[in-house]
Amino acid sequence: MTILIKLLWIAVAIAVALAAGWLFRTAAIAVSRGGLRKALRTAPLTAAFGMLVILLYILVAIFAPVIAPFAEREVVGGQFLPWEAPYILGTDNLGRDMFTRLIYGARNTVGIAFMTTALAFAIGSILGLLAATVGGWMDQFLSRVVDILMAIPSLIFSLLLLTIFGTSVVTLILVIATIDSTRVFRLARSVAQDIVVMDYIEAAKLRGEGLWRLITREILPNAMAPLVAEFGLRFCFVFLMISALSFLGVGVQPPTADWGSMVRENAALITFGDVTPLLPAGAIALLTVAVNFVVDWMLHRASGLKE
Amino acid sequence: MSIVWEMIFKRLGLGLLTLLVISVIIFSATELLPGDLAQAILGQSATPETVAAFRKELGLDLPAYQRYFNWLFGALQGDFGTSLANKRPIADLIATRLGNTLFLALYAAAIAVPLSLTLGILAALYRNSIFDRAANALALTSISFPEFFVAYILIFVLAQSGLFPSMTRMDPNTSLGEALYRAFLPALTLTLVVTAHMMRMTRAAIINLLASPYIEMARLKGINPMRVILKHALPNALAPIITVIALNLAYLITGVVVVEVVFVYPGLGQLMVDSVAKRDFPVVQAVALIFAAAYVLLNLTADVLSTLSNPRLIHRK
C-alpha cells in the first residue's frame with residue numbers, strides 16, 4: 001500500500017513538472033520572436049522543463065543573499081533540528097540553516113562547476129583546433145599525450161593529483177579542468193579536421209591569414225554547434241565529478257556551502273528515516289537531468305530529426 | 001588463426017606500453033611537489049636534520065630514475081612499499097580489499113549486463129512505444145544522478161525497514177550467500193548506474209542496423225520481429241555492444257569508489273579515499289596503479305573482442 005502511495009507521488013511530481021514545462025514554453029513563446037520563437041515551438045515538454053529548471057538555478061545563484069534567510073556560515077540553532085519555522089528545512093550537523101546552505105550551494109557548486117567547464121573548454125578546444133590546423137608533429141605530440149591521460153580513469157587521476165597538490169578550490173578547478181580538457185580536445189580536433197580540408201580554409205591561407213585569425217575566424221565559427229552541445233554534456237560530467245569529490249571529502253572544503261559535502265555532513269540522518277540529506281543530492285540530480293533534457297533536444301535538432 | 005594471435009599480441013604490447021607510461025606518470029606525480037615528499041609530509045616547521053633523516057628513510061637520496069625502477073619492480077612482485085600513515089606493508093592492506101572490490105564489481109556486472117541487454121533489445125523491438133519512451137526517459141534520468149544519490153535513495157527505501165543492511169561488513173569467513181546478501185545494496189546501486197548507459201547503447205546499435213537492406217529482406221521473408229533482431233541484427237551489433245559493456249565495466253572500477261564510501265564497504269576505493277585525506281602517497285600511488293591497470297586491461301579486452309566479432313576487421317585486405 002505504501003508503495004502505491006509513493007508511486008502516486010512520483011506520478012504527481014512528473015505531471016507537475018510537465019505542466020510547469022508547458023507553462024514555461026507557452027510564456028517563452030509569447031515573449032520571444034523570430035528564429036528563437038520557431039525553435040521553442042518545437043521544444044518537447046522535457047526540454048522546456050529543463051530550461052525552466054536551469055533558469056531557476058541561475059536566478060537562485062545570483063540572488064542567493066537576497067533569498068536566503070540566514071548567512072551562509074552562521075550557526076543559528078541546535079544540531080539536526082527538524083523542519084520547523086524559522087528553519088524551513090531544519091538545521092545541519094553544526095546547527096546551520098539547511099535552506100540557506102542549499103541556496104548558497106547553488107552559487108558555490110554550480111559556479112565552480114561552470115568555471116571548471118569553461119576552463120576545460122578553453123584549454124581543450126584551443127589545443128584541439130591548433131592540433132588539427134597545424135598538423136604534423138604538433139598533432140602527433142598532443143594526441144599521444146591526450147591518449148595517455150585518457151587511459152587513466154578520471155576519478156582516480158583526480159584523486160591522485162588532489163593528494164599531491166592539496167585540496168583547495170583553485171587546485172580543484174585546475175585539476176578537473178586539465179583532466180576534462182582531454183575529452184574536449186578529442187572532439188574539437190576531430191570536428192576541426194573535417195573543416196581544415198575545406199576550400200575556404202585554403203583560400204584563407206593563400207590570402208595570408210595568420211594562424212590565430214585562421215582558428216578564431218574561419219574554423220571556430222564552423223565548429224561551434226557540436227562544441228556547444230558538448231559543453232552541456234561536459235558540464236554534467238564536471239558537476240557530478242566535483243560533487244563526488246566533495247562527497248568523498250577531497251573537493252570543496254567546509255565551511256563553504258556545497259551540495260556534495262552537505263550530503264556527506266548530514267548522511268547520518270538517513271538511517272533515522274530523515275530525507276534531509278537527500279535534498280542537496282536531489283538538487284544536483286535535478287540540475288543534471290535538466291541540462292541533459294535540453295542537450296538531448298539540441299542534439300536531436302542538430303542531427304536533422306533522424307529516426 | 002595466426003592473424004588473430006598476431007593482432008592480440010600487438011594489442012597486448014600496446015597495452016603494456018600504455019601501462020608503463022601510466023606508471024611513470026603516477027610515480028613522477030610526487031616529483032611535482034614543491035620541495036620534495038619528505039618536506040611535504042613533515043611540513044615547514046621540521047628541522048633540516050629530521051627532513052634529511054626522513055629523506056634517507058624514504059630512499060629519496062637516490063636519483064629519481066633509480067627510485068622509479070625500484071618501485072616498479074617491487075610493484076611487479078606485489079611489494080608496494082610501506083604505508084606512511086601506519087607503517088604497514090601496503091601489500092597487506094591491499095590484499096583482502098582487492099578481492100572485496102572485485103567481488104562487488106563482478107556482482108554488479110552479473111546483474112547489469114544481462115539486464116541491460118534484455119532491456120535494450122526489448123526497447124529496440126518495441127521502439128517508439130510507451131515502454132521504449134519510458135525506458136529511455138528513465139535511463140536519461142538515472143545517468144544524470146550522482147552515485148551517492150542513488151545509493152542513499154536505496155538505503156532510504158530498502159535499508160530503513162531492515163530488509164538489507166545499510167553498511168556492508170565483510171570478513172574472510174563469510175559464506176557466499178551471506179556475502180551476496182550483505183553486498184546487495186552496493187551492487188544494486190552500481191547496477192542502476194551502469195545499466196542505463198548500456199541499455200541506451202544496445203538500443204542505438206540495433207536500431208542503427210534495422211535500416212540496412214538485409215534486415216528489410218529478412219522482414220519481407222516474413223520472419224517474426226524478435227527473430228529478425230536476435231538472429232540477424234544482434235550478431236552485427238555485437239562490436240559496439242561489447243565495447244560499451246567493457247567501457248561500463250571499466251566505469252564500475254571507478255564508480256566503486258563512491259559506492260564503497262557510502263556503504264562503508266571494505267574495498268580498495270575506500271582505502272584510496274582514506275589515504276588521499278591522510279596524504280599517504282605510497283598507498284594512493286599503489287591503488288591508482290591497480291585501478292589504472294584494470295582500466296587499461298578492460299579497454300584492451302573490449303578492443304580485442306570487438307575486432308574478433310567482426311570478420312572484416314580480421315581479414316583486412
Side-chain angles (χ1 to χ4, degrees), chain A residues 2-3 6 14 46 144-145 147-167 236 239-241 243-245 247-250 259-260 263-264 267 270-275 277-278 280-293 295-296 306-307, chain B residues 15 18-19 21-22 24-26 29-33 40 127-128 137 140-153 155-157 159-160 166-167 207 211 250-251 253-255 257-258 261-262 269 272-273 275-281 284-285 287-288 290-292 294-296 299:
Chain A
T2 48
I3 291 177
K6 271 175 195 159
I14 292 173
T46 47
R144 291 298 84 75
V145 169
D147 278 351
I148 290 292
L149 290 182
M150 282 181 73
I152 309 175
S154 49
L155 186 67
I156 304 299
F157 199 24
S158 49
L159 281 175
L160 177 73
L161 290 181
L162 286 173
T163 325
I164 289 156
F165 296 114
T167 44
C236 288
F239 187 52
L240 288 178
M241 172 103 117
S243 306
L245 288 172
F247 172 75
L248 295 175
V250 293
W259 290 334
V263 178
R264 167 196 177 80
I270 200 97
T271 38
F272 299 107
D274 190 331
V275 291
L278 288 180
I284 296 167
L286 185 62
L287 181 60
T288 16
V289 172
V291 174
N292 263 329
F293 277 155
V295 169
D296 214 36
K306 273 185 215 146
E307 259 184 78
Chain B
T18 316
L19 210 51
V21 180
I22 290 176
V24 173
I25 293 178
I26 290 178
T30 51
E31 305 290 315
L32 295 172
L33 282 170
R127 59 195 166 282
N128 297 331
L140 198 59
T141 314
S142 72
I143 287 174
S144 335
F145 280 10
E147 287 106 341
F148 53 85
F149 188 45
V150 178
Y152 281 124
I153 289 179
I155 291 185
F156 188 71
V157 177
Q160 259 256 283
S166 65
M167 279 189 201
I207 284 187
Y251 177 81
I253 301 279
T254 56
V257 176
V258 173
V261 170
V262 174
M272 183 166 192
V273 173
S275 309
V276 171
K278 287 186 227 151
R279 303 195 79 187
D280 192 344
F281 296 101
V284 175
Q285 282 178 323
V287 180
I290 292 176
F291 275 132
Y295 193 73
V296 169
N299 280 327

> Do the non-hydrogen side-chain atoms of B:Phe291 and A:Leu155 ever get within less than 4.5 Å of each other?
Replying inline: no
> Where on B:Tyr152 is there a heavy atom nearer than 4.5 Å to chain A: the side chain, the backbone, both, or neither?
Replying inline: both
> Of the backbone (N, CA, C, O) and the side chain (C-beta and beyond), which part of A:Phe157 lies under 4.5 Å from a heavy atom of chain B, both, or neither?
Replying inline: side chain
>> For B:Val258, which atoms come within 4.5 Å of any heavy atom of chain A: side chain, backbone, both, or neither?
In response: both
>> Looking at chain A, which one of B:Val150, B:Val287, B:Val284 has the largest number of heavy-atom pairs inside 4.5 Å, strictly under?
In response: B:Val284
> A:Ile152 versus chain B, heavy atoms under 4.5 Å apart: side chain, backbone, both or neither?
Replying inline: both
> Do the non-hydrogen side-chain atoms of B:Phe145 and A:Val289 ever get within less than 4.5 Å of each other?
Replying inline: yes
> Measuring from B:Phe156:CZ to A:Leu278:CG, what's the distance to the nearest 0.5 Å?
Replying inline: 6.5 Å
>> Using every non-hydrogen atom in the two residues, find where B:Ala292 and A:Pro153 come nearest and quote the distance to one decimal.
In response: CA-CD, 4.0 Å
> Side chain, backbone, both or neither: which part of B:Leu19 has a non-hydrogen atom closer than 4.5 Å to chain A?
Replying inline: neither
> From A:Leu240 CG over to B:Phe149 CZ, what is the distance, rounded to the nearest 0.5 angstrom?
Replying inline: 11.5 Å
>> Shorter than 4.5 Å, heavy atoms on both sides: which option in A:Gly249, A:Ala290, A:Gly282 has the most such pairs with chain B?
In response: A:Gly282
>> Which atoms of A:Asp147 are under 4.5 Å from chain B, going by heavy atoms: the side chain, the backbone, both sets, or neither?
In response: neither
> For A:Asn292, which residues count as a side-chain hydrogen bond (donor to acceptor under 3.5 Å, both in side chains) partner, sequence neighbours excluded?
Replying inline: B:Ser144
> Considering only heavy atoms from C-beta outward, does the side chain of B:Phe281 approach that of A:Thr163 to under 4.5 Å?
Replying inline: yes
>> According to ring-ring contact (aromatic ring centres under 6.0 Å, His included), who are the partners of B:Phe148, at least two apart in sequence or on a separate chain?
In response: A:Phe247
>> A side-chain contact here means heavy atoms from C-beta on lying under 4.5 Å apart; do B:Ile26 and A:Leu160 qualify?
In response: yes
>> Do A:Ile156 and B:Val257 have side chains that approach each other closer than 4.5 Å (heavy atoms only, starting at C-beta)?
In response: yes
